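Comments concern the structure below.
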Amino acid sequence: MSLLQVGAKLTYLKSFWEPRGLADLVVPFRLGLTANESAMIDIKALRDNPEAFIKTVQARGNKVDLGPLLALDAKRRELIVGLDQLKAQRNENSQKVGKGGLSEQEKQALIDLTRTLGDQIKAQDPILRDLEERLEQAALVVPNLVDASVPVGQGEEENKEVARWGEPRKFDFEPKHHADLAEALGILDAARGVKLAQSRFTLVKGLGARMERALAAFMLDLHTLENGYTEVAPPLLVNAETMTGTGQLPKFEEDLFKTTSGLYLIPTAEAPVTNIHRDEVLKEEDLPIYYVSHTPCFRSEAGSYGKDTKGYIRQHQFNKVELVKFSHPDQSFAELEKMRGNAEEVLKRLELPYRVMALCTGDIGFSASKCYDLEVWLPFEGRYREISSCSNCTDFQARRAQIRFKPKDGGKPQLVHTLNGSGLAVGRTLVAILENYQQKDGSVTIPKVLVPYMGGITQIPAL
RNA sequence: GGAGAGAUGUCCGAGUGGUCGAAGGAGCACGCCUGGAAAGCGUGUAUAGGGGUAACUUUAUCGAGGGUUCGAAUCCCUCUCUCUCCGCCA
């Protein structure tokens, strides 16, 4: 998840999480969940161990009150007990009628009796369903449990640096902003992007377009040939179920572009790729599954007015190479470390200085249990900026999307853990290269590993 | 856009009002057989929610929602999706 997305999410969440009674909890979107698809959090786990959830919610800095949720759950169970008894009686009676051996009168009496049972059931069933719906909606605002290793903090400022690589280059001239460089080199054309679409769209030209293609190819080769990922090219328009599975819907609909046919443009390949195995039961021996996908991403950037208006950092459309894993629950945190290493490797080979941040409880995404951001050095701004985000979503998305595996020993299907991370955001990588590899004359040297992918050229010459 | 067919368990596939959570097969697990394996034979094998320390018990689920009925996978209505043929088209 990108910084921009987190920002938008947090603003939205803040208003959403104002304390209020469950009765007037307004949810803008009716979930298309069926009875055996469960809610966003494990209601049983909440029942058994509410303290863990309360702790998480507090640490994340939101004020959702879990009390009403627990009360609803208790009420629901109470109702089920009575209703199930009624249904059991009805079923038994119906079977007696069917089996025969009753006199006409007995039979008719039983039918009449059972009809009243049926009426009672019909009267109570909607009450239960209403209760369950409210329970589900209430569960919807409860975020994933954060892992114990996540630093506690209020916001971005309290994220913890856990690693740093490379030395920011010393310039013997004033480094330029990438947008100024790129305009001068004729490789990024913001004005024409606006003409063709609107602001936050850019026309990429010449060696700029070539470099994006080269970067994508380089990253894909690294991840497929060396890191064991399988390349996939998913649909870029997906349905509401898919968006719900990974958590973009229903809460973050305003961040998405929706088409007139009801499909959504993907804001990240995480959405379609994680949903590849939605409603599936995988074999334990197939885990872990690694996918890598290079796609455009589309984000409305609602709520980010005025931020990064200049340049190629924050666009409505950008390219990203995304890593997705389906992991055995016991391995997911180890897999997160590996995934972070895979993303870091891209920066290392491009020789771009970066640091790794462990996001704190106040900054971590809604569905993530633990998350690292990779931040690349940008000389003009003189600071590190997010270029990748690697998250372990544990079973949070798997529960929504019903992604399970059958244990080898024959036990019940269990939820897998899902992970995702950028490996990397291609547009921002281009930005980082432009700024870090710029020369005094305005030309840009091409990182060594990229030269073969650029047809052998070693620089973008100044015009 | 026009015409038709379909949606059942991990998968394939039968089932047109009751004894159907659902035949049969595949897969998987265990056992027998074998020097070991394959084949063969036998046994077992859905998910979710309640209640119960447990044994166990109960409810729901045959694409989704509604209806008829004492009783629905099965009958009726609505919707969604998939497939085939025709038309259009990158």
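The structure presented is a predicted model; accordingly, all values stated were derived computationally and were not measured. Proteins get letters first, then strands, A, B, ... in listed order; numbering begins at 1 in each.
With both ends at atom P, the span from B/C83 to B/G51 equals 43 Å, rounded to whole Å. For the P atom pair drawn from B/C77 and B/U68, the interatomic distance equals 15 Å after rounding to whole Å. Only the C1' atoms considered, B/G15 is 13 Å distant from B/A72, to the nearest whole Å. Taking atom C1' on both B/U53 and B/C76, the two are 48 Å apart, rounded to the nearest angstrom. The P atoms of B/U58 and B/U19 are separated by 15 Å, rounded to the nearest whole Å. Distance check on atom P: B/C11 versus B/U47 gives 12 Å, rounded to whole Å. Taking atom P on both B/G63 and B/A7, the two are 7 Å apart, rounded to the nearest angstrom. Atom name P, nucleotides B/A26 and B/U43: the rounded distance is 13 Å, in whole Å.
In this structure, a donor-acceptor pair under 3.5 Å is absent between the side chains of A/T274 and A/N420. Side-chain contact annotation: A/T246 with A/Q248, donor-acceptor N/O pair under 3.5 Å present. If you check the side chains of A/Q397 and A/T418, you find a donor sitting under 3.5 Å from an acceptor. In summary, the side chains of A/N91 and A/Q95 do not present any donor paired with an acceptor at a separation below 3.5 Å, with no hydrogens or angles considered.
Rounded to whole Å, the distance from CG on A/N239 to P on B/A64 is 17 Å. As rounded to whole Å, 14 Å separates atom C1' of B/A46 from atom CD of A/Q402. Remark: P of B/G50 and CG of A/L131 are 13 Å apart, rounded to the nearest angstrom. In this structure, A/L128 places its CG atom 13 Å from P of B/U61, rounding to the nearest Å. The separation between A/R77 atom CZ and B/A60 atom P is 20 Å, rounded to whole Å. Atom NZ in A/K283 sits about 9 Å away from atom C1' in B/U10, given to the nearest Å. In this structure, A/R129 atom CZ and B/A60 atom C1' are separated by 12 Å, rounded to whole Å. Here B/U10 presents its C1' atom at 12 Å from CD of A/E285, a figure rounded to the nearest Å.
Residue A/R76 has no polar side-chain atom (N or O) positioned under 4.0 Å from OP1 or OP2 of B/U59. Taking 4.0 angstrom as the limit, A/K412 places a side-chain polar atom (N or O) nearer than this to OP1 or OP2 of B/A48.
The main-chain N or O of A/C393 is found under 3.5 Å from a side-chain atom of A/N144 such that the two form a donor-acceptor pair. Put simply, the side chain of A/N275 gets close to the backbone of A/T242: a donor and an acceptor are under 3.5 Å apart. Within the 3.5 Å criterion, the main-chain N or O of A/Y229 finds no donor-acceptor partner in the side chain of A/N227.
In this structure B/U47 sits in a base pair with B/A60, meeting the Watson-Crick or G-U test at under 3.5 Å. Nucleotide B/C85: paired with B/G2 (Watson-Crick or G-U wobble, both distances less than 3.5 Å). With both pairing distances under 3.5 Å, B/A23 is matched to nothing as a Watson-Crick or G-U wobble pair. Pair assignment for B/A55 gives none, since no Watson-Crick or G-U wobble pairing has each distance under 3.5 Å. Taking a pair to require two hydrogen-bonding distances under 3.5 Å in either a Watson-Crick or a G-U wobble arrangement, B/U80 pairs with B/A7. In a base pair of the Watson-Crick type (N1 to N3 plus N6-O4 or O6-N4) or a G-U wobble (N1-O2 and O6-N3), with each distance short of 3.5 Å, B/U74 is matched with no nucleotide. Look at B/C30: its Watson-Crick or wobble partner, with both distances under 3.5 angstrom, is B/G42.
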Under 3.5 Å between N/O atoms: give me all the protein pairs with nucleotides 79-81 of chain B, atom names plus distance.
none

Protein-nucleotides 67-74 of chain B N/O pairs under 3.5 Å:
from	atom 1	to	atom 2	distance (Å)
B/C70	OP1	A/R115	NH2	2.5
B/C70	OP2	A/R115	NE	3.3
B/C70	O2'	A/S94	OG	2.9
B/G71	O4'	A/S94	OG	3.1

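Under the side-chain contact (heavy atoms from CB on, under 4.5 Å) test applied with A/F405, the options A/I289, A/D286, A/L282 reduce to a single match, A/L282.
Taking the six-membered ring where the residue is Trp, A/F326 and A/Y291 present perpendicular rings, their angle passing 60° and hence far from 30°.
Residue pairs satisfying the side-chain hydrogen bond (donor to acceptor under 3.5 Å, both in side chains) criterion with at least one member in residues 205-215 of chain A, sequence neighbours excluded, are listed as follows: A/E212-A/Y312, A/E212-A/N319.
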>> salt bridge (charged side-chain N to carboxylate O under 4.0 Å, His left out), that's the test. Do A/D189 and A/K195 meet it? Break it down for me.
In response: CA-CA 10 Å; A/D189 188 337; A/K195 175 164 76 178; over 6 Å; no
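Place A/Q89 and A/K96 on RNA chain B by their nearest nucleotides, and A/K96 ends up nearer the 5' end. Position along RNA chain B of the nearest nucleotide to A/K87 versus A/R404 favours A/R404 as the more 5'-ward residue.
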